[in-house]
Amino acid sequence: MKQFLDKWTYLEERILVASLVVNTLLIFCQIIMRGAFNSSLSWSEELSRYIFIWQIWLGADFAYACHEHIRVEMIYKWLPGPKAKNILDIFVLVVWFAFSLFLTIKGFDLCQSMVSRNTLSSGMRLPLAYVYASLPVSSLFLSLRLVYSLYLRIRFGTEEGGN
């Protein structure tokens, strides 16, 4: 599973960088069009918003892969030893996994609803299921990462795999 997650992290990073470049160029073109030509692209703002939504959800998964999520560590200082800290880490991972799994399931339900109603975006006439798919896709990969972290934490007492 580690190899799969490592490959996904690599791909995810490339997707996030490429989407940032595309979004920056898109907004730059919109600024030039408005400033220089007193006209605007009708679809650019909407597309930029949808790219940004995907960036946020993929970025949440990528941040977990890089151990960059914000964490309140005050409670850890009060705990008596490493075993208690490990138990708290396991508890946090289980709660986070439950929430991520909930988002995955409900996100897929939302996408199915969008597909069945053939909901389209107002400007680009793009199926909104593509936009809303960012939630279940990212939550699914985050759930996989959390399961792997739980396995390592329970088996080795760390997320490093006993190395």
Side-chain angles (χ1 to χ4, degrees), residues 1-74 89 91-153 159-160:
M1 181 169 226
K2 181 173 178 12
Q3 290 176 337
F4 170 74
L5 290 175
D6 287 345
K7 287 179 183 177
W8 172 247
T9 302
Y10 178 82
L11 178 63
E12 196 171 40
E13 182 178 20
R14 299 302 178 264
I15 291 169
L16 286 168
V17 168
S19 67
L20 181 62
V21 169
V22 167
N23 219 8
T24 302
L25 290 173
L26 192 61
I27 293 169
F28 178 74
C29 287
Q30 179 69 346
I31 291 169
I32 297 299
M33 291 292 292
R34 283 185 183 179
F37 302 110
N38 204 19
S39 178
S40 66
L41 305 171
S42 60
W43 49 269
S44 66
E45 186 178 333
E46 188 176 350
L47 180 60
S48 176
R49 186 178 330 122
Y50 296 155
I51 291 171
F52 188 62
I53 290 169
W54 270 94
Q55 287 174 325
I56 290 168
W57 285 106
L58 284 177
D61 178 47
F62 185 72
Y64 181 78
C66 298
H67 305 289
E68 294 292 330
H69 272 282
I70 296 173
R71 219 178 149 143
V72 178
E73 296 183 349
M74 185 173 66
D89 279 336
F91 175 74
V92 168
L93 287 171
V94 166
V95 170
W96 198 352
F97 170 72
F99 182 67
S100 186
L101 190 62
F102 171 79
L103 289 177
T104 302
I105 293 168
K106 291 302 179 182
F108 276 119
D109 290 346
L110 179 62
C111 286
Q112 286 177 336
S113 171
M114 293 288 169
V115 168
S116 68
R117 290 186 283 153
N118 197 25
T119 310
L120 303 174
S121 66
S122 58
M124 297 174 53
R125 309 305 296 162
L126 179 76
L128 283 177
Y130 294 148
V131 178
Y132 285 92
S134 63
L135 173 64
V137 168
S138 297
S139 296
L140 176 66
F141 283 109
L142 181 57
S143 295
L144 291 174
R145 288 187 199 280
L146 291 167
V147 165
Y148 184 65
S149 291
L150 267 169
Y151 164 75
L152 294 176
R153 179 69 59 185
E159 290 184 28
E160 305 304 319

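Residue Leu41 forms a side chain to side chain contact (heavy atoms under 4.5 Å, CB included) with just one option from Met33, Arg34, Glu46, and that option is Met33.
A parallel orientation is assigned to the rings of Phe99 and Phe102, their planes being inclined by less than 30° (bins at 30° and 60°). Ring geometry for Tyr64 against His69 counts as tilted: the plane angle lies between 30° and 60°, on a 0 to 90° scale.
Partners of Asp6 according to the side chain to side chain donor-acceptor pair (under 3.5 Å) rule, which considers only residues two or more places apart in sequence or in another chain, are Lys2. Under the side chain to side chain donor-acceptor pair (under 3.5 Å) criterion, Ser40 pairs with no residue, sequence neighbours left out. The ring-ring contact (aromatic ring centres under 6.0 Å, His included) test applied to Phe108 returns no partner, not counting sequence neighbours.
Ser121 and Arg125 share no donor-acceptor pair across their side chains, judged by distance under 3.5 Å alone. Counting only N and O atoms by type, the side chains of Asp61 and Ser138 include no donor and acceptor under 3.5 Å apart. A side-chain donor from one of Arg145 and Thr9 sits under 3.5 Å from a side-chain acceptor of the other.
Contact check for Leu16 versus Phe62: side-chain heavy atoms found under the 4.5 Å cut-off. Proximity of Ser44 to Cys29: side-chain heavy atoms (C-beta onward) are nowhere separated by under 4.5 Å. At a threshold of 4.5 Å between non-hydrogen side-chain atoms, the residues Tyr148 and Leu144 do not count as touching. Looking only at side-chain heavy atoms (C-beta outward), Phe97 and Ser143 come within less than 4.5 Å of each other. Tyr10 has its side chain out of reach of Ile15: every pair of non-hydrogen atoms, C-beta onward, lies at least 4.5 Å apart.
Interatomic distance, Phe91 CZ to Leu150 CG, rounded to the nearest 0.5 Å: 12.0 Å. Going from atom CD1 of Ile27 over to atom CD1 of Ile32 covers 13.0 Å, rounded to the nearest 0.5 Å. Here CG of Leu128 is found 6.0 Å from CE of Met114. Values are rounded to the nearest 0.5 Å. How far CG of Leu25 is from CG of Leu20: 9.5 Å, rounded to the nearest 0.5 Å. Between Tyr132 atom OH and Asp109 atom CG the span is 14.5 Å, to the nearest 0.5 Å. One finds the CG atom of Leu47 at 11.0 Å from the OG atom of Ser42 (value rounded to the nearest 0.5 Å).
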**Request:** Decide yes or no on side-chain contact (heavy atoms from CB on, under 4.5 Å) for Trp43 and Leu126, but give the supporting numbers first.
**Result:** CA-CA 10 Å; Trp43 49 269; Leu126 179 76; over 6 Å; no
**Request:** Any chance you could lay out the salt bridge (charged side-chain N to carboxylate O under 4.0 Å, His left out) test for Glu13 and Lys7, step after step, and finish with the verdict?
**Result:** CA-CA 10 Å; Glu13 182 178 20; Lys7 287 179 183 177; over 6 Å; no
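The backbone N or O of Ser139 lies less than 3.5 Å from a partner atom in the side chain of Ser100, making a donor-acceptor pair. Remark: the backbone N or O of Phe52 is not paired with any side-chain donor or acceptor of Trp57 at under 3.5 angstrom.
Residues Ala129 and Val115 share a closest heavy-atom pair of CB-CG2, 3.6 Å. For the pair Leu135 and Gly107, the tightest heavy-atom approach, listed with the atom from each and the gap, is CD2-CA, 4.0 Å.
Within a 6.0 Å radius of OH in Tyr50, more than 12 heavy atoms belonging to other residues, nucleotides or ligands are found.
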